[in-house]
Enquirer: 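Dropping a structure here in structure tokens format, bear with me for questions.
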Amino acid sequence: MTFGQLLSSIMSMSAFHSLPLPLVQLSLDAVLKCGQSFRWSIFSLAQPSDASHEYRLCLRDRVVCLRQTPTHLFYRSIYPEPQPSETQTRLRDAETLIWLKDYFQLDIDLANLYQEWGNRDKVFLGLRERFLGIRMLRQDPWENLISFICSSNNNISRITKMVQNLCTHYSPALLHIPDPSCPENCVPYHPFPPPSALAQPEVSAKLRSLGFGYRADFIQKTAQMLVETHGSSSEEWLMGLRKETTEQAREELLKFMGVGRKVADCVLLMSLDKKEVIPVDTHVHQIAIKHYGLKGTLNGKKVNMTPKIYEEVNTKLVGVWGDYAGWAHSVLFTSDLKSFSSYGLQTPSPTPTPSLSPAKASNKRSRKEYESIILPTPPLTPQKEYPSAVSDTLLPDMSEQSLADRVKKRRRGVAQT
DNA sequence: GTTGTACCGGGG
DNA sequence: CCCGGTACAA
């Protein structure tokens, strides 16, 4: 590369802070693309640097940019005009760090969990070295809820497009930033829209025209329901479900239109701290059948997912993995994704006895995703240490509100007793 | 409480 | 014809 390219590479990295973090603790490439969050944009870095990609997410008042090397996580924030003062910037960068540690739940030692799951489960044991660093994100409940209402009967790539459409059409751009792999064009960054923006009745028709299908009505109705019952503190109210028990929180989520057991469980696991919850979709069901001895057929016919089967799968897998079962499920789920299929959960059933083959066919010389070019002169040497306190709330911090009156909107569960 | 079916749109 | 489901009516 030319000196100019090297220089620009260095300059572009100069705004990054760093955090020591081994890949066994976090793999951005896996975690940000495995269908937990649908809003991170990814850029290939044209200039060779020791990170191959940059990920970006618009978060309220800033855009967070991430890069990763085998030993460090690099992060920086970009703020809209007017640029904050130097001291103000320092303060807000500190907020970003707190957010990062919260979002990636870095106080949880993933290596420990992998060890535990490997001890409990031979299937996991054969998989873990090829799928390092897959952890549960701690997402915003509102965004998570709407994203997973979109997920019904759907695939990751379309869900991603739909979520992006929600942002571009219902939330003004916070700022524009050049594409790192093509600095000529600027990319707009939109925060996720608030409930009030999606609650208007006309939203549903527009979403239909944007290709949301029947999910258009679910989204508008859910937003409306939320705003009608909790007004401007809707997001805080959802956040408050973190303090409820799994059963209480699930009961609340199931009231929303378009939210069934599976979607509710996704939200419980991914944004409401219910680490033991396993959302059972058809994928997970198949995994349970292939690898954990659940019955896949009845009288020669494929069994359909019913509440009963759902519970069976759930009970079985929680029994196998323990109290972080939801986290473990995410590793298995990711390994089974088509996009990771070249080295994922094989189904080599030629196993004589199910569940008794000590992962041996797993030497498929897996090329690492995060395999990267090593730059002769590292653009940036990891710097200073960082504060260790991890806040349990998000950026501007949302105060807890009680709101004893839970207006029972009624729906499921009304007709009986 | 269970079971069956329509549903919007994209992809194989 | 399949799909990372849910609402609604038997």
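Letters A, B, ... are given to chains in the order of the sequence lines, protein chains preceding strands, and every chain is numbered from 1.
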Enquirer: Below 6.0 angstrom between ring centroids: does that apply to A/F38 and A/F148?
Expert: yes
Enquirer: Please give the distance between the P atoms of C/dC2 and B/dT5 as a whole number of Å.
Expert: 14 Å
Enquirer: Base, sugar-phosphate or nothing for A/I156? Non-hydrogen atoms, less than 4.0 Å.
Expert: base
Enquirer: Is the phosphate of C/dG5, meaning OP1 or OP2, less than 4.0 Å from a side-chain N or O of A/T282?
Expert: yes
Enquirer: Do we get A/R56 above A/F43's six-membered ring, with its NZ or CZ under 6.0 Å from the centre and within 45° of the axis?
Expert: yes
Enquirer: Quickly work out the A/E311 CD to B/dG1 P distance and round it to whole Å.
Expert: 14 Å
Enquirer: Would you measure the distance from the P atom in B/dG11 across to the matching atom in C/dT6 and give it in whole Å?
Expert: 22 Å
Enquirer: Rounded off to whole Å, could you give me the CD1-to-P distance for the A/I309 and C/dG4 pair?
Expert: 17 Å
Enquirer: Students often get this wrong, so: under 4.0 angstrom with heavy atoms, is A/V263 touching a base, only sugar-phosphate, or nothing?
Expert: sugar-phosphate
Enquirer: Round to a whole Å and report the spacing from CE of A/M225 to C1' of C/dT6.
Expert: 13 Å
Enquirer: For B/dG1 versus C/dG5, give the span between their P atoms, rounded off to a whole number of Å.
Expert: 25 Å
Enquirer: Does a distance-only test, which skips hydrogens and angles, find a donor-acceptor pair under 3.5 Å between the side chain of A/K308 and the base of B/dG1?
Expert: no
Enquirer: Checking base pairs now: Watson-Crick or wobble, both atom distances under 3.5 Å. What partners B/dT2?
Expert: C/dA10
Enquirer: Examine C/dT6: is either OP1 or OP2 under 4.0 Å from a nitrogen or oxygen in the side chain of A/S152? Give yes or no.
Expert: no
Enquirer: Starting from P on C/dC3, measure out to NZ on A/K262 and report it in whole angstrom.
Expert: 14 Å
Enquirer: Rounded to whole angstroms, how far apart are CD on A/Q286 and P on C/dC2?
Expert: 13 Å
Enquirer: Give every pair of a protein N or O atom and an N or O atom of nucleotides 5-9 of chain B that lie under 3.5 Å apart, one pair per line with the distance.
Expert:
{"from": "B/dC8", "atom 1": "OP1", "to": "A/R208", "atom 2": "NH1", "distance (Å)": "3.3"}
{"from": "B/dC8", "atom 1": "O4'", "to": "A/Y214", "atom 2": "N", "distance (Å)": "3.0"}
{"from": "B/dC8", "atom 1": "O2", "to": "A/R158", "atom 2": "NH2", "distance (Å)": "3.4"}
{"from": "B/dC8", "atom 1": "O2", "to": "A/R215", "atom 2": "NH1", "distance (Å)": "3.0"}
{"from": "B/dC8", "atom 1": "O2", "to": "A/R215", "atom 2": "NH2", "distance (Å)": "3.4"}
{"from": "B/dG9", "atom 1": "O4'", "to": "A/R158", "atom 2": "NH1", "distance (Å)": "3.4"}
{"from": "B/dG9", "atom 1": "N3", "to": "A/R158", "atom 2": "NH2", "distance (Å)": "3.4"}

Enquirer: When all nucleic acid strands are considered with a 4.0 Å heavy-atom cut-off, which category describes A/C150: base, sugar-phosphate, or nothing?
Expert: nothing
Enquirer: Using the C1' atom as the point on both nucleotides, what is the distance between C/dA7 and B/dG10, in whole Å?
Expert: 22 Å
Enquirer: Rounded off to whole Å, could you give me the CZ-to-C1' distance for the A/F218 and C/dC8 pair?
Expert: 10 Å
Enquirer: Report yes or no: do A/Q36 and A/N144 form a side-chain donor-acceptor pair below 3.5 Å?
Expert: no
Enquirer: Kindly determine whether A/R92 and A/S77 satisfy side chain to side chain donor-acceptor pair (under 3.5 Å), including the steps that lead there.
Expert: CA-CA 8 Å; A/R92 295 174 76 177; A/S77 301; over 6 Å; no
Enquirer: If B/dC8 has a Watson-Crick or G-U wobble mate with both distances under 3.5 Å, name it; if not, just say none.
Expert: none
Enquirer: Round to the nearest Å and state the distance from A/F256 atom CZ to C/dT6 atom P.
Expert: 15 Å
Enquirer: May I ask you to decide whether A/R208 forms a salt bridge with A/D217, counting only side-chain N to carboxylate O separations under 4.0 Å?
Expert: yes
Enquirer: Could you tell me whether the side chains of A/T306 and A/N304 share a donor-acceptor contact shorter than 3.5 Å?
Expert: no
Enquirer: At their closest point, which heavy atom of A/P183 faces which heavy atom of A/P178, and how far apart are they?
Expert: O-CB, 3.7 Å
Enquirer: Please find out if less than 6.0 Å separates the ring center of A/F124 from that of A/Y114.
Expert: yes
Enquirer: From the list C/dG5, C/dA7, C/dG4, which nucleotide is the closest neighbour of the side chain of A/F38?
Expert: C/dG4
Enquirer: Rounded to whole angstroms, how far apart are CD1 on A/I159 and C1' on B/dG10?
Expert: 12 Å
